[in-house]
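Here's the structure, in structure tokens; my notes come after.
The sequence lines fix the lettering, A, B, ..., with proteins before strands; numbering per chain opens at 1. Because the structure is predicted, anything quoted here is derived from the model rather than measured. Hydrogens, waters and symmetry mates are skipped; everything else that's a heavy atom, side chains included, is used.
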Number of protein chains: 2
Amino acid sequence: MAKIALAQINPTVGALASNSELIIKYCQAAHEQGAELVIFGEMALTGYPIEDLALRPSFQQASKKALIDIARKLSKMHLGHIQVIVGFLDSSPTPESLGKPFGNPQNAAAVIQNGQILKTYAKHHLPNYGVFDEFRYFLKGDSGCNHEFAGLKYSLAICEDIWQDGDLKIAKASDLLIVINGSPYEEDKDDVRLALVQKRAREFDCAVIYVNLVGAQDELVFDGDSMAVNSAGDLIARAPQFKEALLIIDSKLTASTIEPPLAKHEEMYEALVLGLKDYVEKNQMPSVVLGLSGGIDSALTAAIAFDALGPNRVYGVALPSEFSSSHSLEDAKALAENLKINFREIPIEPMVQSFRDNLKVSGLADENLQARARGVTLMAISNQEGHLVLATGNKSEIASGYSTLYGDAVGGFAPIKDVPKTLVWELSRWRNEKAGKELIPVSSIEKPPSAELRPGQLDSDSLPDYEVLDQIIDAYVKRDQSALALAQVKDPALVSEVIKMIDRAEYKRRQYPPGTKISARAFGRDRRLPITSRWSEAPAGLSE
Amino acid sequence: MAKIALAQINPTVGALASNSELIIKYCQAAHEQGAELVIFGEMALTGYPIEDLALRPSFQQASKKALIDIARKLSKMHLGHIQVIVGFLDSSPTPESLGKPFGNPQNAAAVIQNGQILKTYAKHHLPNYGVFDEFRYFLKGDSGCNHEFAGLKYSLAICEDIWQDGDLKIAKASDLLIVINGSPYEEDKDDVRLALVQKRAREFDCAVIYVNLVGAQDELVFDGDSMAVNSAGDLIARAPQFKEALLIIDSKLTASTIEPPLAKHEEMYEALVLGLKDYVEKNQMPSVVLGLSGGIDSALTAAIAFDALGPNRVYGVALPSEFSSSHSLEDAKALAENLKINFREIPIEPMVQSFRDNLKVSGLADENLQARARGVTLMAISNQEGHLVLATGNKSEIASGYSTLYGDAVGGFAPIKDVPKTLVWELSRWRNEKAGKELIPVSSIEKPPSAELRPGQLDSDSLPDYEVLDQIIDAYVKRDQSALALAQVKDPALVSEVIKMIDRAEYKRRQYPPGTKISARAFGRDRRLPITSRWSEAPAGLSE
């Protein structure tokens, strides 16, 4: 019986040569397992999303050349009979230019076989919300693409094409809809995807094969979760999340391997691990360094780094000041010992004192000196030894502006920037449970959070209880609720105060390092607000 | 004879109450000059661009309420007879949702009179390239809007509507096309605009009134340059650039005031001044602080700040190290004296030494310590005294990555980030010529550029000649030329080296402060590249 392979691969943006090798390697492996149709994800050849690279004529040309080269190489390897469906960057010769200076880039899929490009299909629905800007990049396609394999008539679609009701370009009496995807992970999305794929199967009375990318690209993580359902909508195969996989099914679509989706905390945690791992690996960084305060944010970040890179590539630095409590240093040491990561201690007092001696500062300016002396120290270690600096701020801090620019905010990557504080605690407890031992010191989880920039300072001096803060952030940032709506369920004065904090911190967020998106709305390209803005959700409705 | 007022105003994003007051103030002033039709720019009521504020239902509602309030207030002031055309944020009740969770925001114009909203028009062509993301925000309009004033039949359009050939929604036999705009300044754009307006006038055989916003919003500067041409395409009125104006013309469109456009250097310089001024004023910052190295970048930045804010609100700080040459401090002092700005000197050696004593660093890591000690010092002064820190990096440095993250890159705003080094020199000479005296020390202009982070260091140790560097940046960044094309006119090895520098510095640029766009392609939202990318324009075509 004819077999079909769902190739869930992890390409790198712009790496046409190594992505091509990866595609050929998976074709070879699929062949060895008897498959004669191999399906890759959206823009698997170029990586995804490629942003303004799409607009470079040199890159458009290189993408098309790489596609032809793959077809020829497969033929030379005597694999030309295999039908390969792969996403790539096409450029259309149609006259419409959409105001684009060079060509008309298209987000496309090719069917290749026998050294030839048999057919191409251009994505029809271009997502242009949230993190997506596809109207900026691509000319949308306007025709369907139908072909057949082993007696199965199939139609092609790309990602967003199946999310919009109404006009899927699917041939009448298709047996199979093949959808190639670059669908980034966010909380609870896997459940939505399965339901959607089942819905389309029933709608068109045809089987659906859904192949997603896996791996991270800057702030996005693609979780894989490739799947197949039969025309009744029954799930017959599902690939694992967060790893490459080659899922083989037969052309009768009888049930095959079904990986169960991960539970909530494991899924988020694995997204964070892969997000960091791929940022480090794809940018070819040898190792990471981070400050270990003894607090929970740096502890969770260290655990994620440990899981992403192993202990030898993680460098923890305790940077105590005179306001650091003794338990802070102990907790930092215990964490490093538990994880067996590299560890050193550099007291910052002498450096802070030299600034104090030469500048007249007090209050917040003095507190920030400490955070910034830590930042300079971490960057110096990074410059000297070549590690990538990790910023350890969480979403609650970044939302409220409770962080110091060029202080604790320094870093090339911020692994937990989309993780609210309450979730930081949950994930830390979950990671310890999974380990079956204390990996993250329980005392770091249980003590009241403090920046320790002045004697006896607690986060609760400046911020509301994190349970409440996170609820307001969720409502205001993720769900665009107004202060008026929020004030009906929370203390209006508190709501107003938190919203002002969030609005005011926009300039800080603009300079914060990138970090993995796991929520339905992360800070960054997902939420684009002006820095200069006098709008506020004050109860009177009008601003100022 | 009936008179028409072109109200070129400077609204602030989100400031519905004060923008409404400004609109009413200009209606009053227009009335006093006998005008009965007053035309404001694109989204003059909300400010522009409002980015994701467009998606907030609370803001959509507040915009519509503010519009009705203006109509009512004008009536109460006995100005109800005036016909007012004003841009605002509308939201359409049509069922199509474009994937937007709340309502269908529209970039709209209203015609108001006698306390009523008579008509509305929604922008038809939504720009979605360069700095624009209007497909993200707005549902496009699909019908024209025609009305009349003093026997003139007019049609409405909004900005991009007239830039695209083909389907302006203009009534047959219109006497007048009224276009309201939020058209940001960039090099040479005023000439393009005039030619475009003249082309449309001749195409439709009708007069065209073009009203633009003025003022800055984050990285964009709106230069005004509002104008009117008659149906023969003759320019009959033109407002000044970079300032608010009320331009009165008669309904017969006889020639009126025609302000000449500014010459190249003055135009760019005024854009930079207004960009900084509005960032400071609209964010309600009292003053600015910047490091004065004695070099040309900080000198030009100081001159721009002086012109934007006056001498008393500008604080210069010399931050010499042991590698600073004596002329550096002298030039910094001379600059501060010439501009009469506040000045102090803080040697950074003790702070740098304390890091050296406590960290083992050498080479670049040691050089960066100096830049970062300066950054910490400027931020401490900012935190203590309330000034906004200005980063002084130019476009050549930001392109090539020749700057220190959290060092010279610290700041809330970067006035010359879109000014290449060769233009920094030109503008400095131009400013001195305009002053008729040495405002910027000639020695700062003429000496070879140096970061002075090690003995005898010169920029030319690490970078090609700035003339050549700027040409390659211009070709690669602004014109998307490939290395192959560039290598035909420049040394291929040099081209390759510079392109690699530019690609590698993407992570630094992502954390650089915002600054005024003056070129056809600024770094920032104008050019969106992935940080993680292995694409390079290496001659072989394929990457890695």
Side-chain angles (χ1 to χ4, degrees), chain A residues 12-18 51-53 55-56 58-59 62 66 99 102 128-129 135-136 217-218 279 282-283 346 350-351 354-355 358-359 361 364-365 368-369 372 375-377 379-380 383-384 406 410 412 480 482 507 511 513-514 527-535 537 541-544, chain B residues 12-18 51-53 55-56 58-59 62 66 99 102 128-129 135-136 217-218 279 282-283 346 350-351 354-355 358-359 361 364-365 368-369 372 375-377 379-380 383-384 406 410 412 480 482 507 511 513-514 527-535 537 541-544:
Chain A
T12 298
V13 161
L16 293 173
S18 64
E51 306 184 52
D52 279 8
L53 285 180
L55 305 177
R56 291 196 75 81
S58 48
F59 191 65
F102 312 100
N128 206 66
Y129 55 81
F135 274 98
R136 177 181 176 89
Q217 169 60 23
D218 289 349
Y279 192 86
K282 292 181 178 179
N283 285 294
I346 303 176
M351 290 86 109
S354 76
F355 282 104
N358 289 279
L359 304 171
V361 291
L364 187 68
N368 281 342
L369 275 184
R372 293 197 176 109
V376 174
T377 302
M379 291 305 296
N383 287 159
Q384 189 68 34
Y406 323 126
V410 309
D480 278 328
S482 71
Y507 76 99
Q511 294 188 42
R527 182 179 190 264
R528 305 178 193 175
L529 285 172
I531 297 176
T532 305
S533 169
R534 293 231 281 275
W535 172 249
E537 298 277 342
L542 282 190
S543 69
E544 291 143 298
Chain B
T12 297
V13 160
L16 293 174
S18 64
E51 307 184 50
D52 279 8
L53 283 180
L55 305 176
R56 292 197 75 81
S58 49
F59 191 66
F102 312 100
N128 206 66
Y129 55 82
F135 274 98
R136 177 180 176 89
Q217 169 61 22
D218 289 349
Y279 192 85
K282 292 181 178 179
N283 285 296
I346 303 176
M351 291 85 108
S354 76
F355 282 103
N358 289 279
L359 304 171
V361 290
L364 188 68
N368 281 342
L369 274 184
R372 293 198 176 108
V376 174
T377 302
M379 291 305 295
N383 287 160
Q384 188 68 31
Y406 323 127
V410 308
D480 278 329
S482 71
Y507 79 98
Q511 294 189 41
R527 182 178 191 265
R528 305 179 193 174
L529 286 171
I531 295 177
T532 305
S533 169
R534 295 229 281 277
W535 172 248
E537 298 277 342
L542 281 191
S543 70
E544 291 142 296

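Atoms CD and CD1, from A:Glu51 and B:Ile531 in turn, are 9.0 Å apart once rounded to the nearest 0.5 Å. Distance CG/B:Leu359 to CE/A:Met351: 4.5 Å, rounded to 0.5 Å. Distance check: B:Leu53 CG to A:Trp535 CH2 gives 8.5 Å after rounding to the nearest 0.5 Å. Interatomic distance, B:Tyr507 OH to A:Asn283 CG, rounded to the nearest 0.5 Å: 10.0 Å.
By the 4.5 Å heavy-atom criterion applied to side chains, A:Phe355 and B:Ser354 are not counted as neighbours.
Here the side chain of B:Asp218 pairs a donor or acceptor atom with the backbone of A:Thr532 at under 3.5 angstrom. Checked by atom type and distance alone, the side chain of B:Asp52 never pairs as donor or acceptor with a backbone atom of A:Leu529 at under 3.5 Å.
Residues B:Gln217 and A:Pro530 share a closest heavy-atom pair of NE2-CB, 3.3 Å. When all heavy atoms of A:Ala15 and B:Arg534 are compared, the closest pair comes out as CB-CB, 3.9 Å. Counting all heavy atoms, side chain and backbone alike, A:Gly412 lies closest to B:Gln511 at CA-NE2, 4.4 Å.
Contacts with chain B were tallied for A:Ile346, A:Leu364, A:Thr377; A:Thr377 has the most, counting heavy-atom pairs under 4.5 Å. Comparing A:Gln384, A:Met379, A:Arg528, A:Arg372 by heavy-atom pairs within less than 4.5 Å of chain B, the highest count is held by A:Arg528. Ranked by non-hydrogen atom pairs under 4.5 Å with chain B, the options A:Pro513, A:Gly375, A:Ala380 are led by A:Pro513. Among B:Asn368, B:Val361, B:Thr12, the residue with the largest count of heavy-atom pairs under 4.5 Å with chain A is B:Val361.
Both the backbone and the side chain of B:Ser533 come within less than 4.5 Å of a heavy atom of chain A.
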